[in-house]
**Q** 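Input: one structure, supplied below.
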Amino acid sequence: MNQIEPGVQYNYVYDEDEYMIQEEEWDRDLLLDPAWEKQQRKTFTAWCNSHLRKAGTQIENIEEDFRNGLKLMLLLEVISGERLPKPDRGKMRFHKIANVNKALDYIASKGVKLVSIGAEEIVDGNVKMTLGMIWTIILRFAIQDISVEETSAKEGLLLWCQRKTAPYRNVNIQNFHTSWKDGLGLCALIHRHRPDLIDYSKLNKDDPIGNINLAMEIAEKHLDIPKMLDAEDIVNTPKPDERAIMTYVSCFYHAFAGAEQVLAVNQENERLMEEYERLASELLEWIRRTIPWLENRTPEKTMQAMQKKLEDFRDYRRKHKPPKVQEKCQLEINFNTLQTKLRISNRPAFMPSEGKMVSDIAGAWQRLEQAEKGYEEWLLNEIRRLERLEHLAEKFRQKASTHETWAYGKEQILLQKDYESASLTEVRALLRKHEAFESDLAAHQDRVEQIAAIAQELNELDYHDAVNVNDRCQKICDQWDRLGTLTQKRREALERMEKLLETIDQLHLEFAKRAAPFNNWMEGAMEDLQDMFIVHSIEEIQSLITAHEQFKATLPEADGERQSIMAIQNEVEKVIQSYNIRISSSNPYSTVTMDELRTKWDKVKQLVPIRDQSLQEELARQHANERLRRQFAAQANAIGPWIQNKMEEIARSSIQITGALEDQMNQLKQYEHNIINYKNNIDKLEGDHQLIQEALVFDNKHTNYTMEHIRVGWELLLTTIARTINEVETQILTRDAKGITQEQMNEFRASFNHFDRRKNGLMDHEDFRACLISMGYDLGEAEFARIMTLVDPNGQGTVTFQSFIDFMTRETADTDTAEQVIASFRILASDKPYILAEELRRELPPDQAQYCIKRMPAYSGPGSVPGALDYAAFSSALYGESDL
């Protein structure tokens with residue numbers, strides 16, 4: 001019996017709807033039969049162990065061994081090749097649930113929807129859920145990626161089985177349950193790929209158990225596919241479990257599909273080899289064409305042409321080379337990838353054609369970059385050379401243009417004879433001008449030399465327009481020689497004319513030298529004689545008078561100088577007349593004329609007596625001002641100390657400890673009387689101060705007192721005596737009202753003065769605290785704060801003596817309280833909480849009764865009657881304890 005009949009075509013056609021209906025009927029029957037559970041247990045356990053053994057472990061009971069999630073996570077790591085999160089090592093239930101959830105989360109991350117499968121069911125050992133979960137894993141990692149002729153997963157696996165078993169007699173694979181019951185399908189798959197392992201012709205269709213066992217034993221021994229099913233379970237079950245059959249058959253697919261993949265890998269490797277050869281050839285050809293272009297060093301004559309070459313090179317760097325760099329990189333990547341694939345598939349390494357090795361390409365690329373680097377350096381050097389030439393040429397043009405502009409018209413100026421009719425001054429001016437021209441000419445000597453040097457350098461550097469440069473340079477040099485000759489001739493002519501006019505010029509110069517200082521002296525003298533002066537003392541006016549007398553003593557000498565200057569001018573006129581010289585007698589060196597000198601001298605003589613008179617008048621005024629100063633100072637020096645003494649006496653009186661307050665009051669009244677009687681002296685001083693102000697006297701060296709000082713001191717004295725009298729009066733009232741003895745008042749004053757560290761009649765908070773502690777007060781912060789609100793209600797930070805007295809009297813004297821007053825009123829009201837106006841008029845004097853009726857508020861409490869008055873609120877208001 002032949003296992004394969006050549007030339008026979010097998011076409012299996014079935015109605016898909018009918019098949020699906022049939023499968024649903026089988027599923028309903030199987031739900032009533034626990035055989036599916038037994039088959040899935042065995043198959044899924046064997047499938048899991050086939051992977052777990054790679055990690056050195058296995059499972060025995062599928063629903064128990066996966067409960068803690070550890071082997072489940074290990075199984076997923078083995079079949080996926082990926083690391084899962086670190087598992088929890090605890091043995092508590094929540095540790096197991098956490099591990100199972102990590103496994104389920106990983107399965108879900110692969111795009112698998114887990115319907116009705118939860119971690120709690122797996123941890124609880126739910127068989128159905130556990131098998132469903134393992135089936136989901138098998139589908140995702142063993143079946144889903146199967147792809148045959150644009151079909152995948154279950155359909156792809158079924159199509160692969162049909163294609164592989166189609167040539168075999170008695171094999172008709174239509175599903176994954178009944179089509180495998182006779183065992184011939186499994187044997188056909190093995191024989192199709194490994195005919196050396198099984199003799200298909202000896203198989204008997206009527207021995208399904210033998211066929212299945214044979215196939216499973218061969219698969220386990222030679223194909224490393226573990227036995228996952230029992231032959232009896234498959235044969236004796238009306239419809240074997242589809243999931244178990246699919247799981248087992250998928251192992252055959254993965255075992256035999258490797259050969260097909262090898263062919264695909266070989267084809268891909270050959271494609272990569274051909275691609276490498278093509279890319280290498282193209283890249284090497286491009287390098288071969290590019291290197292000669294980069295090695296071309298033919299220079300251009302113009303900057304524009306070299307810039308064009310530089311732009312071409314930049315285009316090469318920006319546009320042409322980057323793609324080739326990418327190609328070279330991709331070529332190396334492809335080569336490395338190809339070699340890796342060959343090594344992984346245990347194939348010999350790829351050897352490219354001669355000259356196309358990666359090292360050959362790298363060498364060619366290195367030569368390209370070397371040529372590129374040399375080309376770039378050459379371009380930059382050439383551009384720098386042309387820039388240098390252009391710079392030199394431009395520099396030559398600029399310097400030549402500057403020189404030609406300067407030299408324009410100079411020859412005509414040097415040929416003039418303007419000195420023949422000039423005066424000595426004009427001749428000397430022309431000579432100085434000529435000297436300046438000679439200096440300018442000498443300064444331009446360097447520029448001419450630079451022009452010649454630049455022209456020479458341009459010739460040496462082979463400048464393309466050197467002919468025009470040489471012609472222009474020669475013209476400049478010839479003109480330069482002519483200018484030198486003409487300059488020398490003009491200097492000689494000017495020097496001859498200068499000697500002829502030198503005598504007259506010396507006289508003019510002498511006049512100018514002497515007339516100018518004398519003229520300045522007269523102008524200064526006129527300014528000083530007419531100068532306004534402001535003085536504030538006799539010494540200052542005396543100094544001005546002395547200076548004026550010294551000036552008058554210099555007038556005879558000045559008159560002699562004036563006569564000498566006039567004599568020089570007369571000598572000039574005499575020389576001009578004697579030698580008949582055709583020049584003007586005006587002095588070219590001076591603008592001062594004889595008429596000006598005469599006019600200014602007369603003006604000086606007129607101003608001297610006028611100055612004498614003004615100085616004497618000012619001297620008299622300063623004597624009068626000095627009298628006013630002394631008069632004011634005499635009074636101020638007496639009044640100032642008197643005010644100070646009175647201030648000190650009042651201060652001593654206010655802090656003295658002994659004596660009755662009435663005696664102190666009498667003394668202060670006497671001080672006040674004396675101060676008021678002293679007012680006439682202040683008024684007189686005010687009158688003297690007004691006279692000084694009207695005389696515009698602003699300083700007085702005879703006294704340190706100003707009127708403002710006196711006014712302030714006087715006002716302070718009046719304020720101090722009034723305040724001191726008021727304080728004593730207040731102390732007397734306090735003493736009488738509180739029944740304080742004079743000895744107690746003196747003790748209070750002594751204590752206050754002792755702790756008044758600044759002796760200014762005030763104690764700060766710390767001084768006051770120390771005073772209270774010295775008197776035996778036990779002060780906490782809250783108590784001290786309460787006391788401070790009494791003695792310093794405005795929060796000024798100081799305690800006055802009056803505030804101190806008030807506090808001490810409250811602390812030491814017996815005083816009425818609001819409660820005492822309320823008790824008195826309650827007696828008058830016959831223990832009622834209110835009082836009537838008639839009761840007040842009956843019990844109190846009329847004025848006091850009317851006072852109370854006017855100020856007592858109406859009573860609104862319990863038992864109120866018309867006209868009732870609230871004596872309790874009235875009494876509290878008297879002592880500041882209510883809002884009344």
**Q** Using only heavy-atom distances, determine whether the side chains of Gln445 and Trp480 contain a donor-acceptor pair under 3.5 Å.
**A** yes

**Q** Using a cut-off of 6.0 Å, state whether more than 12 heavy atoms not belonging to Ile534 lie near its atom CD1.
**A**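 Not buried by this count: 12 neighbours or fewer within 6.0 Å.
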
**Q** Between Glu274 and Arg271, is the closest basic N to carboxylate O distance under 4.0 Å?
**A**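 Salt bridge absent between Arg271 and Glu274.
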
**Q** Is any side-chain heavy atom of Met526 closer than 4.5 Å to a side-chain heavy atom of Gln530?
**A**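 The answer is yes; the side chains approach within 4.5 Å.
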
**Q** Can a donor-acceptor pair be found between the side chains of Asn334 and Gln330 at a distance below 3.5 Å?
**A** yes

**Q** Is His548 reaching over with its side chain to a backbone N or O of Leu544, donor-acceptor style, under 3.5 angstrom?
**A** no

**Q** Salt bridge or not for Asp528 and Arg611, using N-O below 4.0 Å?
**A**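 Looking at Asp528 and Arg611, the cut-off is not met.
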
**Q** Is there a donor in the side chain of Ser353 and an acceptor in the side chain of Glu277, or the other way round, less than 3.5 Å apart?
**A** yes

**Q** Within the 4.5 Å heavy-atom criterion, are Leu272 and Phe335 side-chain neighbours or not?
**A**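 No, side chains not in contact.
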
**Q** Kindly say whether Leu555 contributes a backbone atom to a donor-acceptor pair with the side chain of Asp559 at under 3.5 angstrom?
**A**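 The answer is no, because no donor-acceptor pair under 3.5 Å joins these two groups.
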
**Q** For the side chain of Ser543 and the backbone of Glu539, is there at least one donor-acceptor N/O pair under 3.5 Å apart?
**A**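 No; zero donor-acceptor contacts below 3.5 Å.
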
**Q** Is the shortest heavy-atom distance from the side chain of Arg490 to the side chain of Phe437 under 4.5 Å?
**A**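 No, their side chains stay 4.5 Å or more apart.
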
**Q** Quick test of your reading of the model: are Glu394 and Arg397 salt-bridged, counting only N-O distances below 4.0 Å?
**A**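 Counted as a salt bridge, because a side-chain N and a carboxylate O are separated by less than 4.0 Å.
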
**Q** Taking atom types as modelled, is there a side-chain donor on Asn336 or Glu332 under 3.5 Å from an acceptor on the other?
**A** no

**Q** Would Asp446 and Gln450 count as having a side-chain donor-acceptor pair, cut-off 3.5 Å?
**A** yes

**Q** Under 3.5 Å, is there a donor-acceptor pair linking the side chains of Glu282 and Trp286?
**A** no

**Q** Can you tell me if Thr599 uses its side chain to pair, donor with acceptor, with the backbone of Glu596 under 3.5 Å?
**A** no

**Q** Tell me whether Lys603 forms a cation-pi arrangement with Trp601, defined as NZ or CZ under 6.0 Å from the six-membered ring centre and within 45 degrees of its axis.
**A**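 No - Lys603 does not lie over the ring of Trp601 by the 6.0 Å and 45° rule.
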
**Q** Can you tell if the side chain of Arg140 reaches within under 4.5 Å of the side chain of Ile107, non-hydrogen atoms only?
**A**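 The answer is no; the side chains never approach within 4.5 Å.
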
